[in-house]
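What follows is one structure encoded as structure tokens, with my remarks underneath.
Proteins get letters first, then strands, A, B, ... in listed order; numbering begins at 1 in each.
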Amino acid sequence: MRWSRAFIPTLRDDPADAESANHRLLVRGGFVRRLMAGSWSLLPLGKRVATKVERIIREEMDRIGGQEMLLPVVHPADPWKKTGRWDDVEGIVVKFQDRKESDMLLAITHEEIFTLIATELSSYRQLPQLWYHLQTKFRDEPRPRGGLLRVREFTMKDSYSFDVDPSGLDAQFEAHREAYSRIFERLGVEAIPVHASSGTMGGKESVEFMVESEAGEDDIVVCPNCGYAANTERATSGAPPVEDEPWEGEPEEFDTPGIRTIAALADAFDFASPERQIKTLAYVVGGELTLILLPGDHELMEQKLIDGLGTFDIRPAHDDEIVAALGAHPGSLGAVGVRHLRVIADPALRGRFNMVTGANRDDRHLRGVDVERDIAVDQWLGVRLTRLGDPCIECGSPVQVRRSIEVGHIFKLGTKYAEALGATVVDEHGEEREIWMGSYGIGVGRNVAAIVESSHDDKGIVWPVAVAPYEAVVTVVTMEDAATVAAAEGIYRELEEAGIETLIDDRAERPGVKFADAELIGIPYRVTVGPKGLASGEVEITRRRDGFTESVASGQVAEKVVAAIVAERR
RNA sequence: CGGGCUGUGGCGCAGCUUGGUAGCGCGCGUGCUUUGGGAGCACGAGGCCGCCGGUUCGAAUCCGGCCAGCCCGACCA
């Protein structure tokens with residue numbers, strides 16, 4: 001490609017509204033342009049990168065037996081109503097009606113429709129099956145952010161596995177785990193698999209692939225000793241040890257005028273440090289007021305509550321609901337003596353005594369509370385957020401918490417969708433059985449963003465060869481010197497003929513502009529052809545990754561560049 | 001959904017406090033000079049000042065409403 005003919009609208013300045021590296025560099029390098037919040041056009045360079053990411057995904061899916069299809073992006077409501085998700089996905093899904101006033105939606109994922117196709121399977125002999133497509137999803141995210149990291153419209157590779165039994169599902173799940181690891185390795189991102197929450201997908205087991213990055217939106221818990229790794233939405237840890245001081249007898253009420261927070265209570269009384277308080281949260285779960293208890297120095301991870309209770313129908317209670325049920329306002333709440341409400345407590349409170357909690361009378365608290373003696377806990381459920389330094393659940397070593405980008409997610413779905421939509425096969429005994437399903441997703445644009453986040457410097461993007469929009473650029477130092485132009489054109493032709501995707505920078509620009517642009521858009525290898533070097537028959541090869549430069553006889557340059565690139569293609 | 005910030009040529013910004021000709025840098029076009037790290041000079045093109053309404057003789061500027069974008073947070077009692 002001739003740069004003079006290419007549409008590569010690079011910008012000299014960073015766009016003002018861009019914070020994260022991928023946003024800043026992809027816009028500045030002319031890869032993408034924003035249409036609206038969370039909605040991006042891929043320009044020629046961006047499309048080339050996305051296509052390469054897709055090719056790698058396809059190759060790895062095909063390698064484990066995947067068959068590519070293409071399903072529609074507009075779905076009728078009916079199958080979504082049958083699986084119960086028509087209501088579950090309220091808010092994130094765009095719903096509308098066609099001219100006949102039939103309910104429809106824009107696909108946020110494709111479990112329902114792939115399962116409908118799977119109803120055509122009739123015998124266990126046809127299983128296993130593995131189907132996938134690369135298709136647009138539209139999710140009306142409440143807050144798109146971070147350039148291509150969280151968007152509303154995006155291309156996703158989603159695959160779906162169909163098996164006659166759980167062990168078949170396990171095998172396909174493992175195949176995906178390996179395929180995904182290969183994909184991320186080829187993309188040049190360091191993704192670690194972690195235990196995760198299944199969210200709206202349902203199902204029991206899921207693994208996320210996470211790339212450590214400050215731009216990420218998730219925190220993962222990692223144990224440096226034994227390798228345990230999990231999203232904080234799911235991670236469990238041991239209870240950090242606390243030494244309670246002895247207390248004889250019943251809890252004792254005391255005055256706490258104007259005190260509404262754990263911090264304020266801790267400041268006012270030296271026996272009420274946060275770790276010795278019981279934090280009492282009021283939630284409405286399935287329409288019923290429920291108390292959630294945690295050690296005062298811990299935080300609730302709402303997703304664990306959702307997962308642990310098996311319902312999305314939870315929300316913090318409003319003040320008036322709390323007052324009506326407990327007779328006190330938030331800030332003076334407690335569960336001692338509460339029998340008419342469901343009480344859920346984090347296991348970190350087990351065996352704790354001489355604790356401080358609200359008395360359910362405004363401006364009054366209780367001290368000397370023995371959790372198991374004084375509180376009627378209906379359910380012990382691990383709902384607290386794992387913190388840096390908490391003991392690892394597997395080995396007890398202090399865990400780390402790292403900000404990360406979720407680049408892939410694989411789920412064991414079980415038979416939920418098959419049951420709802422009637423996808424069954426007959427087994428070898430002639431009996432009808434529901435199909436066991438898994439679903440597996442990788443967002444294309446988010447992976448492009450993750451690559452940029454983890455591979456850039458102050459000059460611009462550093463693409464791995466495998467996904468670079470072009471593998472090499474021939475920089476013509478001056479277009480005014482006929483010998484220079486002729487030599488550059490010759491090298492360009494050689495590289496093209498050797499199958500190297502090459503740009504020739506034949507613009508009437510000064511060399512500094514060409515160097516800066518080549519670095520900004522991140523081309524892995526640059527061949528610089530100018531009169532200075534040509535005087536001794538030489539040109540330069542510069543590697544983007546580390547700036548390493550060597551002079552090479554112009555007759556040998558193509559061969560050297562080809563060898564370097566082929567070795568890095570993956 | 002709550003909070004903060006921001007909307008002025010393609011990009012980055014000033015002007016707004018104190019109402020009166022819309023400005024700067026980059027980029028773009030033409031010409032000359034220059035040519036191994038974002039050149040210089042000269043001339044030139046390009047703006048519904050986010051939108052609607054109000055105040056005023058007069059609004060980018062003051063007032064009200066709306067829309068859009070970015071960042072933080074996700075009710076933690």
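For A:Arg12, taking side-chain heavy atoms from C-beta onward, the closest of the listed nucleotides B:rC76, B:rC26, B:rC70 is B:rC26. Which of B:rC75, B:rG38, B:rU35 sits closest to the side chain of A:Thr478 comes down to B:rU35.
At a threshold of 4.0 angstrom between heavy atoms, the contacts of A:Gly91 with the nucleic acid are absent. Base engagement by A:Ala516 is indicated by at least one non-hydrogen atom pair under 4.0 Å involving a base atom. Residue contacts for A:Arg24: at a heavy-atom cut-off of 4.0 Å it reaches no nucleic acid atom on any strand shown. In this structure, A:Leu333 reaches neither bases nor backbone, as no heavy-atom distance under 4.0 Å exists between it and the strands shown. Residue A:Asp13 is in base contact, counting any heavy-atom pair closer than 4.0 Å across all strands shown. Counting non-hydrogen atoms under 4.0 angstrom, A:Gly358 reaches nothing in the nucleic acid. Nucleic acid contact for A:Ala282: base, since at least one base atom lies under 4.0 Å from a heavy atom of the residue. At a threshold of 4.0 angstrom between heavy atoms, the contacts of A:Pro15 are confined to the sugar-phosphate backbone, with no base atom among them. Across all strands shown, A:Thr528 has heavy atoms under 4.0 Å from base atoms, whether or not it also approaches the sugar-phosphate. Within 4.0 Å of A:Met36, counting heavy atoms only, lie sugar-phosphate atoms of the nucleic acid but no base atom. Among the heavy atoms of the strands lying under 4.0 Å from A:Glu302 are primed sugar atoms or P, OP1, OP2 only; no base atom is included. Base contact: A:Arg28 has a heavy atom under 4.0 Å from a base atom. Among the heavy atoms of the strands lying under 4.0 Å from A:Asp517 is at least one base atom, whether or not backbone atoms are also near.
With a 4.5 Å cut-off on side-chain heavy atoms, A:Asp517 and A:Trp3 count as touching. At least one side-chain heavy atom of A:Leu349 sits less than 4.5 Å from a side-chain heavy atom of A:Met355. Contact annotation: the side chain of A:Met210 approaches that of A:Asp218 to within less than 4.5 Å [non-hydrogen atoms, C-beta and beyond]. In this structure, the side chains of A:Val221 and A:Ser237 stay at 4.5 Å or more apart for every pair of heavy atoms.
Nucleotides B:rA14 and B:rG53 have their C1' atoms positioned 28 Å apart, rounded to a whole Å. B:rC52 and B:rA59 have their C1' atoms separated by 15 Å, with the value rounded to a whole Å. A distance of about 30 Å separates the C1' atoms of B:rG23 and B:rU34, rounded to the whole Å. Comparing the C1' positions of B:rA22 and B:rG40 gives a spacing of 28 Å, expressed to the nearest Å.
Using modelled atom types, one finds no donor on one side chain facing an acceptor on the other under 3.5 Å when comparing A:His23 with A:Arg145.
As the counterpart of B:rC41, B:rG31 is assigned, both hydrogen-bonding distances of the Watson-Crick or G-U wobble pattern falling under 3.5 Å. Look at B:rC16: it lacks any Watson-Crick or wobble partner with both distances under 3.5 angstrom. B:rG9 is unpaired under the Watson-Crick or G-U wobble criterion, no partner having all donor-acceptor distances under 3.5 Å.
Of the possible polar contacts, one joining the A:Arg139 side chain to the A:Ile108 backbone as a donor-acceptor pair under 3.5 Å is found.
Between the side chain of A:Glu519 and the base of B:rG38, no donor-acceptor pair of N or O atoms lies under 3.5 Å. Within 3.5 Å, no donor on the side chain of A:Glu509 pairs with an acceptor on the base of B:rG38, nor the reverse.
For B:rG38, the OP1/OP2 oxygens have no side-chain nitrogen or oxygen of A:Arg510 closer than 4.0 Å. For A:Arg143 and B:rC72, the shortest distance from a side-chain N or O to OP1 or OP2 is below 4.0 Å.
Here A:Phe31 and A:Trp463 bring their ring centres to under 6.0 angstrom of each other.
In this structure, A:Arg446 does not pair ionically with A:Glu453, as no charged nitrogen and carboxylate oxygen lie closer than 4.0 Å.
Taking the ring centre of A:Phe353 as origin, the terminal cationic atom of A:Arg373 falls outside the region bounded by 6.0 Å and 45° from the ring axis.
Across residues 368-377 of chain A, not one residue has a non-hydrogen atom less than 4.0 Å from an atom of RNA chain B.
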